[in-house]
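Beneath this line is the structure, given in C-alpha cells, with notes to follow.
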There are 2 protein chains.
Amino acid sequence: MTSSEDVRRAVGINDVAARAGVSPGTVSNVLNRPERVAEATRLRVEQVIDELDYVRNSSGRSLRSGRTDSIGLLVLDVTNPFFTKVSEGVEDEAAGAGYPVVLLNSAENPQRQRRSLRLLAEQRAAGAVIMPVDNDLSDLLWLRERGIPWVLLDRGDVSADLGCSVCVDNHEGGLAAGRHLVSLGHERITFLSGTLSLEQCRTRLNGLRTALDEAGIDPDDAVRLVETGKLNAANGEQAVEEVLGGGPKRRPQAVFCANDQLALGLLKGLGERGLHAPGDISVVGYDDVDFAALVHPGLTTVGQPKYELGRAAMRLLLSELNDPGHRHERMLFAPELVVRGSTAPYRT
Amino acid sequence: MTSSEDVRRAVGINDVAARAGVSPGTVSNVLNRPERVAEATRLRVEQVIDELDYVRNSSGRSLRSGRTDSIGLLVLDVTNPFFTKVSEGVEDEAAGAGYPVVLLNSAENPQRQRRSLRLLAEQRAAGAVIMPVDNDLSDLLWLRERGIPWVLLDRGDVSADLGCSVCVDNHEGGLAAGRHLVSLGHERITFLSGTLSLEQCRTRLNGLRTALDEAGIDPDDAVRLVETGKLNAANGEQAVEEVLGGGPKRRPQAVFCANDQLALGLLKGLGERGLHAPGDISVVGYDDVDFAALVHPGLTTVGQPKYELGRAAMRLLLSELNDPGHRHERMLFAPELVVRGSTAPYRT
DNA sequence: CGGTCTAATAAAAACGTTTTATGCGCTTCG
DNA sequence: CGAAGCGCATAAAACGTTTTTATTAGACCG
C-alpha cells in the first residue's frame, strides 16, 4: 500500500551510502569531519545527499554521541520586552557558532521552570542560559550534575563556584534611581516590586534604600514597599490602589518600579484616576524597554544593556562548551539612568 | 578515576531494571503503559526510578519510536508583543495536553525560517505552529512530506487542502480601520506597511481601499503606500520622513499602520517633529497590543484575539496529531476596532 | 486431569547514527 | 628492499530506548 497518505520511509545515512557506493561511516564523516574524506568521495556523497534530500536524524546522532547541540534559553516571561531583547542577543551569538536555540518560558512559575529543566535533561541539551524564578538553585545543580552546563542571567548573588553568571549591577541601578529621586527632593518613595523572591527586586530595593541613607534620610521611614506578583503591566495598573493607599497625606511623592512593565501599568492606572506623572507623582522604571521612550511623558528608567547581556551570557556558555581551560566567571555590567519626563522636582 | 569533574555515567533504563529485578521492557512499560504492569511491580520500579533519579533519554526514545513529542512554534518576531501573546495561547493549550513547546524565531528572515524548519525536521518534531515569512510555502510542504504536520497562523489565503490555518480576517480589519477614518472625514490616507511579501500587509491594505471605494473615493488617488521592512517600532519612527514627504500640501490626513509597533514608532517620530496625533494627523494601528492602551493619546487600533488565536491553532494541531478522523480546517476570527485617542475628525 | 485462556513478564530485535579498530594500497625513508 | 608512515575507507560495535514475539505460571473449564 502506497497511498498518498503514506509517508515514504525516511532516507537514512545507509541509503545515501548505498547509492554513493561508500560505507555509512564515510557518509557520517562527510557530514561531520569533511576534511577526513577525499575530495572526490566527498563531492559524490554530497551530491547523493542532495538528490535523496537526506535529512539527518538527530535522535540517532545524539543517542550515539550522548549530546545534542541545542541550547536552552529559559526566560521568566516571554511577553516582557526585556527578555525578548536579551534573547535576541543570545540567539545571535549562538547562531554565529552554529548552535540552535530553543526558547522556554517559565512564566515566573517554579513548576514550569522545573518542567523546562527536566526537558533539557531528557533531551541532553548542550547547555542552557537561565533566568531563575527564585533563590532555590537545587534544580540547577541537579542539571549540572547531569552534565548540562548553564550560565545564569540576571542573578548577581551566585558564587562563581557554581557556574558563570551575567548580570547588571542591580544595587547600582537602584542607587542611581534613588539618588535621582532624592536630588529632586522626594522623601516619600514607594518601591513597587514584583515578588521579592526575585533577587533583582530585592537588590534594587536595597539600592534605593542606600541612596536615601546617603542623603541622611531614614529608609525605614521614607520607603514603602508594595509587592505585587508577576512583573507585568496588569499588576502595575492594579497596584495603583495600594500605591496611593493611606490617603493623600501619605501618598508617595515618587514611585520606583522594579521594571518598566509595572511602571507603564502604573502610569495607566494613575491616568485613569486623573493623576499624572510627573505633576502629581514621579515615576521611575527599570530596564529601559523600547516602549519606555514611546509613552508620554517618556519614562525615566534605569537602562540595562539587554542585547549585550544576552550575547555575553551566550559567549560564556560557548566558552564553557568548547574551551578546555574554561573557568567560571561573573560578569557585571553597569546600569545607566535614563532621565525622561516622568520625574520632576517635588513641589510642596 | 572518579574526580569530581567526572560526570557519573547516566543511569539508564537498564540500571533501573537490574536494581528492580525486572527486565528493561517492563521498566519501559511502567513509564509508557503503566496499566499493563502489575501493581506491585509498578510500585517497585517507580521506587527504584526515584532512588536512582532516573531521567529518560529522549534520544533513545525517539530514535526507536520515530517521533518526538515536542511542538515547534515559529514566530516572525519574538520581540513583538503580538507574537508573544499568541505564543502564550499556544503554550497553554499544549501544556494542557502534555506537549512541550519550543519557540523558534525567524525574525522575518527567510533564511532563518528555513534553518528552523530544518531543525524541526532533524528533530522529528511532532508538529508545528508556523507564521510564515512570505508566500513561498514550498519549505512547509517539504516539512509535511517528512511527516511533520503544521498549522498556519495569520495566513488567510492558504487552501485547507494543504493544512489547517487560523487567521483573523485581515480584509475586514483593514475595512474597519478605513471606514473609521472615512467617517472622520479623512480622504488622504497613507498606509504604512511592513514588507508586502507578508500577506497580512497586503490584505489589510486592500481592506482600506475597499472602505474608500465604498465611500465613493478613488483609492488610487486617496491612498499612498509607504513600505518599510520589518514591522517594528524603529522602522515606524524612521518612516516618518517618507510619510510626511511631499510637503505640507500632500501631507496625509491620516496614517493606517500595518501593526502597532509601526504605529507607536511613527507616533514617536511625529512627536520629535513637533507633530501630534490626532491634532495634526490621525494614526491607526493594528493588533491592539497591551502598549497601545498605555501611550498618550491611546492608540486607535484593530484588535485581534491574540491569545485565542494561539489556543485555536494549537487545538487544531492536537486534533491533527491525535484524532484519526481529522480534516483540515480554516478558522477565521473577527477583528474588532478599538477607538482611542489617536484618531479624530479631520479639520480643514 | 488435560487442555485452553489470560495476565504478567522476559528476551531480543530493531531504530539511525557515530566511533573505534582495522585494513589496504601507496609513498617515503633508513 | 623491507619497514614505517600516511591517507582513505570499511566493518562492526556501540548508544538507550520501544516494541514485537515468546515464555511462564496460574486460573478456569469440561
Side-chain angles (χ1 to χ4, degrees), chain A residues 7-46 48-49 52-70 119 121-126 146-147, chain B residues 7-46 48-49 52-70 119 121-126 146-147:
Chain A
V7 178
R8 64 171 187 284
R9 202 184 69 72
V11 1
I13 218 176
N14 290 297
D15 308 286
V16 174
R19 171 92 99 109
V22 299
S23 78
T26 300
V27 177
S28 173
N29 279 331
V30 169
L31 257 25
N32 301 307
R33 291 95 116 216
E35 72 281 4
R36 289 203 194 167
V37 34
E39 175 87 353
T41 338
R42 209 197 69 221
L43 291 172
R44 187 154 33 97
V45 171
E46 280 171 347
V48 174
I49 286 179
L52 265 43
D53 195 12
Y54 163 75
V55 176
R56 190 191 245 152
N57 180 329
S58 59
S59 304
R61 174 181 168 74
S62 59
L63 173 57
R64 169 62 225 217
S65 62
R67 273 254 140 307
T68 289
D69 60 353
S70 59
L119 186 67
E122 289 186 356
Q123 301 193 162
R124 309 297 195 258
R146 261 151 209 72
Chain B
V7 177
R8 64 172 190 284
R9 203 185 68 71
V11 1
I13 217 175
N14 290 296
D15 308 284
V16 174
R19 171 93 99 111
V22 300
S23 78
T26 300
V27 177
S28 173
N29 278 333
V30 169
L31 257 25
N32 301 308
R33 292 97 116 211
E35 71 282 3
R36 289 205 194 165
V37 31
E39 173 88 354
T41 336
R42 209 197 70 222
L43 290 172
R44 186 153 33 96
V45 170
E46 280 171 347
V48 174
I49 286 180
L52 264 44
D53 195 13
Y54 163 75
V55 176
R56 193 191 244 149
N57 181 328
S58 60
S59 305
R61 175 179 167 75
S62 59
L63 173 57
R64 170 63 224 214
S65 61
R67 272 255 142 301
T68 290
D69 59 355
S70 58
L119 186 68
E122 289 187 354
Q123 301 192 161
R124 310 297 195 257
R146 263 149 206 73

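So that the names make sense, note that chain A is the first sequence line, chain B the second, and so on, each numbered from 1.
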Just wondering, do [Y] and [X] contact through their side chains at under 4.5 Å, heavy atoms?
X	Y	result
B:Val11	B:Asp53	no
A:Arg124	B:Val55	yes
A:Val27	A:Arg19	no
B:Thr26	B:Arg44	no
B:Ser28	B:Leu31	no

Tell me whether B:Ser58 contacts the main-chain N or O of A:Glu122 through its side chain, where contact means a donor paired with an acceptor under 3.5 Å.
yes
Any donor-acceptor N/O pair, A:Thr68 side chain to A:Ser62 backbone, under 3.5 Å:
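Such a contact is absent between A:Thr68 side chain and A:Ser62 backbone.
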Which atom pair, heavy atoms only, marks the closest approach of B:Ser70 to B:Ala125?
O-CB, 3.5 Å
Tell me what B:Arg56 touches on the nucleic acid: a base, only sugar-phosphate, or nothing, going by heavy atoms under 4.0 Å.
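Since only primed, P, OP1 and OP2 atoms lie under 4.0 Å of B:Arg56, the category is sugar-phosphate.
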Within residues 59-69 of chain A, which residues have any heavy atom lying less than 4.0 Å from an atom of DNA chain D?
A:Leu63, A:Arg64
Contacting residues from residues 23-35 of chain B, given that a heavy atom lies under 4.0 angstrom of DNA chain D:
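Within residues 23-35 of chain B, the residues near DNA chain D are B:Gly25, B:Ser28, B:Asn32, B:Arg33.
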Scan B:Val37, B:Val22, B:Val16 and name whichever one has a side chain to side chain contact (heavy atoms under 4.5 Å, CB included) with B:Val30.
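With B:Val30 as partner, side chain to side chain contact (heavy atoms under 4.5 Å, CB included) holds for just one option, B:Val37.
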Do you know which of A:Ile13, A:Val45, A:Asp15 makes side chain to side chain contact (heavy atoms under 4.5 Å, CB included) with A:Tyr54?
A:Ile13
Between which nucleotides of DNA chain C, read 5' to 3', does contact with chain A run, using atoms under 4.0 Å from its heavy atoms?
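In short, chain A contacts DNA chain C from C:dG16 to C:dT19.
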Which comes earlier along DNA chain D counting from the 5' end, the contact point of B:Tyr54 or that of B:Arg36, where each point is its nearest nucleotide?
B:Tyr54
